[in-house]
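These notes concern the structure reproduced below.
Note that this is a predicted model, so its numbers are computed, not measured.
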Amino acid sequence: MAFENSRQALVPSFLYTSPASKNLFDVDALARRNRTLPLASSNGGAPKSFMIPSPSEPGKVALFSPTYYAACTVGGILSCGLTHMAVTPLDLVKCNMQIDPAKYKSISSGFGVLLREQGVKGFFRGWVPTLLGYSAQGACKFGFYEFFKKYYSDIAGPEYAAKYKTLIYLAGSASAEVIADVALCPMEAVKVRVQTQPGFARGLSDGLPKFVKSEGALGLYKGLVPLWGRQIPSYTMMKFASFETIVEMLYKYAIPTPKDQCSKSLQLGVSFAGGYVAGIFCAIVSHPADNLVSFLNNSKGATVGDAVKKLGLWGLFTRGLPLRIVMIGTLTGAQWGIYDAFKVFVGLPTTGGVTPVPTTSPAKV
C-alpha cells in the first residue's frame, strides 16, 4: 500500500486538481443529491453509495484507482458516442461533399439534395454504426488517455513531468488513440459506405455483412492507417494538448478566481469553451486525412494516390472544410463538456486548468 501511495505521489499536482468549494450552482446540487442515493450491498449489509467520491475526501475512492478509470471510460463513451450521433446529418453531408463534389457542391445544396432524394430519414442514415463506433472509440480514447498520462508522469518523475507537461499530454493522447482507432475502424468503414452509396444498405445490420462479403473481414481495416493519420497527430494530439493548454490559460488570464474556488457550472463552461477552440484547430490540421479516409472507404480498391489524383492537393485540404470546422468545433466542445460533467456527477474534478508549481532541484556540489 505504501508503494502504491508513493507512485500516486509522483503525479504533478497540475494534472489533476482538487474539487471546488461547496458554494456551487445547480450542477453541484445534483452531485450532492446523487451522493445520498443508497444501493443495497450484495451481502445484505449497509447500503452503499452510488457516488464515486472525490479523491480529496478521506477514505474515499482515490484518483487512478480501477473505479476512477472505469468512470473515465464511461464518460468517454457518453461524450463521443452521443455527440457524433447527434451530428450525423452534418457528417452525412460532409462525407458526400468529399466523395461526390459535382453533386454536393455546397453545404446548403448538399442538404437540399439529400432531402429531395432520401427525405428526412436520409439525414440519419448510418447513425447506428456511428453511435457504436464512436462509443467504442471514446471509451478507449479518454480511458487510456487518463491511464497513459499517469503512466508517463510516473516514468518522468514529478520534476520532469511538470516541466514537460505538454509532452505528457501529447504522448498520452497518441498512445490512447492508437488503441481507440482499432475499435472505431470497422464501424467507420460501414458508416461511410452506407452514407455515401445509396442503396448499398439501410444500416449496420445489413451493411456489415455486405461489406464483409464484398471486401472480406480485413477490408474493415483498410482505412486504419489513414484513420491513424487523421486521428493521432492531427486530431487527438491537438485535441488534448491544446485543450489542456487553453483551459490553463483561461483560468490564468481570463478568470480572476482560482479554479478550486470556481463553481462547477463555471468550470464546465470553461471545459466547453476550451474544447470548442481546440476543435477548430483539430478540424483544420486533420482535414486532409479525413478526406482520404472517406475516399478510401467509399471506393473499392482505391489507393492514397488515387485520392490525391482525383481530389487534388487543394481539394484535399479544403473540400468540406467549413462544414467540418463547425462540426468538429461543436463536437469537441460538447465532448469535453459532457466528459467533465460526468466526472463532476460522480464526484471527480474537471480536467486541467492549474499551472504547475515549479520544482526546484537540490543544488549540486
Verify the cluster assignment for [X] and [Y]: are they in a single hydrophobic cluster under the rule of side-chain heavy atoms below 4.5 Å apart?
X	Y	result
Val113	Val120	yes
Val285	Ile325	no
Ile77	Trp127	no
Val212	Val194	yes
Val192	Leu323	no

Side-chain contact test, heavy atoms from C-beta onward, threshold under 4.5 Å: evaluate it for Leu204 versus Val190 and give yes or no.
yes

Over all atoms of both residues, closest heavy-atom pair of [X] and [Y]:
X	Y	value
Ala241	Thr245	O-OG1, 2.9 Å
Gly223	Pro226	O-CD, 3.4 Å
Gln195	Cys95	OE1-SG, 3.9 Å
Ile168	Ala161	CG1-O, 4.2 Å
Ser109	Tyr104	OG-C, 4.3 Å
Gly337	Leu268	O-CD2, 4.2 Å

How are the rings of [X] and [Y] set to each other: parallel, tilted or perpendicular (split at 30° and 60°)?
X	Y	answer
Phe211	Phe200	perpendicular
Phe144	Phe147	perpendicular
Phe111	Phe123	tilted

Begin from the C-alpha positions of Tyr151 and Phe64 and carry the test ring pair (Phe, Tyr, Trp, His ring centres under 6.0 Å) through to its verdict.
CA-CA 10 Å; Tyr151 179 72; Phe64 318 117; over 10 Å; no

Donor-acceptor pair, [X] side chain versus [Y] backbone, under 3.5 Å?
X	Y	result
Asp206	Ala201	no
Lys259	Thr350	yes
Thr236	Gln231	yes
Asp100	Met97	no
Thr88	Met85	yes
His287	Arg319	yes
Ser173	Leu170	yes
Lys105	Ala102	yes

Could you give me the CA-CA distance, side-chain angles and deciding distance for Phe142 and Thr351, then say whether side-chain contact (heavy atoms from CB on, under 4.5 Å) is met?
CA-CA 11 Å; Phe142 283 92; Thr351 308; over 6 Å; no

Quiz: residues 272-282 side-chain donor-acceptor pairs under 3.5 angstrom, not counting sequence neighbours:
none

More than 12 heavy atoms of other groups within 6.0 Å of Lys310 NZ
no

With side-chain contact (heavy atoms from CB on, under 4.5 Å) as the criterion, how do Met187 and Tyr134 come out once you've worked through the C-alpha distance, each side chain's angles and the decisive distance to 0.1 Å?
CA-CA 8 Å; Met187 294 295 102; Tyr134 283 95; over 6 Å; no

Salt bridge check, Glu177 against Lys239: does any charged N sit closer than 4.0 Å to a carboxylate O?
no

Tyr339 and Lys141: side-chain contact (heavy atoms from CB on, under 4.5 Å), yes or no, with the steps?
CA-CA 12 Å; Tyr339 179 66; Lys141 185 197 297 275; over 6 Å; no

Take His84 and Lys191 through the test side-chain contact (heavy atoms from CB on, under 4.5 Å) and record every step on the way to the result.
CA-CA 12 Å; His84 276 276; Lys191 174 188 80 74; over 6 Å; no

Distance, nearest 0.5 Å, that separates [atom1] of [X] from [atom2] of [Y]:
X	Y	atom1	atom2	value
Thr196	Leu92	OG1	CG	9.0 Å
Tyr169	Met237	OH	CE	14.0 Å
Glu244	Lys165	CD	NZ	10.0 Å
Phe243	Thr332	CZ	OG1	10.5 Å
Leu266	Lys264	CG	NZ	11.0 Å
Cys140	Leu184	SG	CG	10.0 Å

Only counting residues at least two apart or in another chain, list the ones meeting salt bridge (charged side-chain N to carboxylate O under 4.0 Å, His left out) with Asp181.
none

For Asp340, all residues meeting salt bridge (charged side-chain N to carboxylate O under 4.0 Å, His left out), sequence neighbours excluded:
none

Do the ring centers of Tyr160 and Tyr152 come within less than 6.0 Å of each other?
no

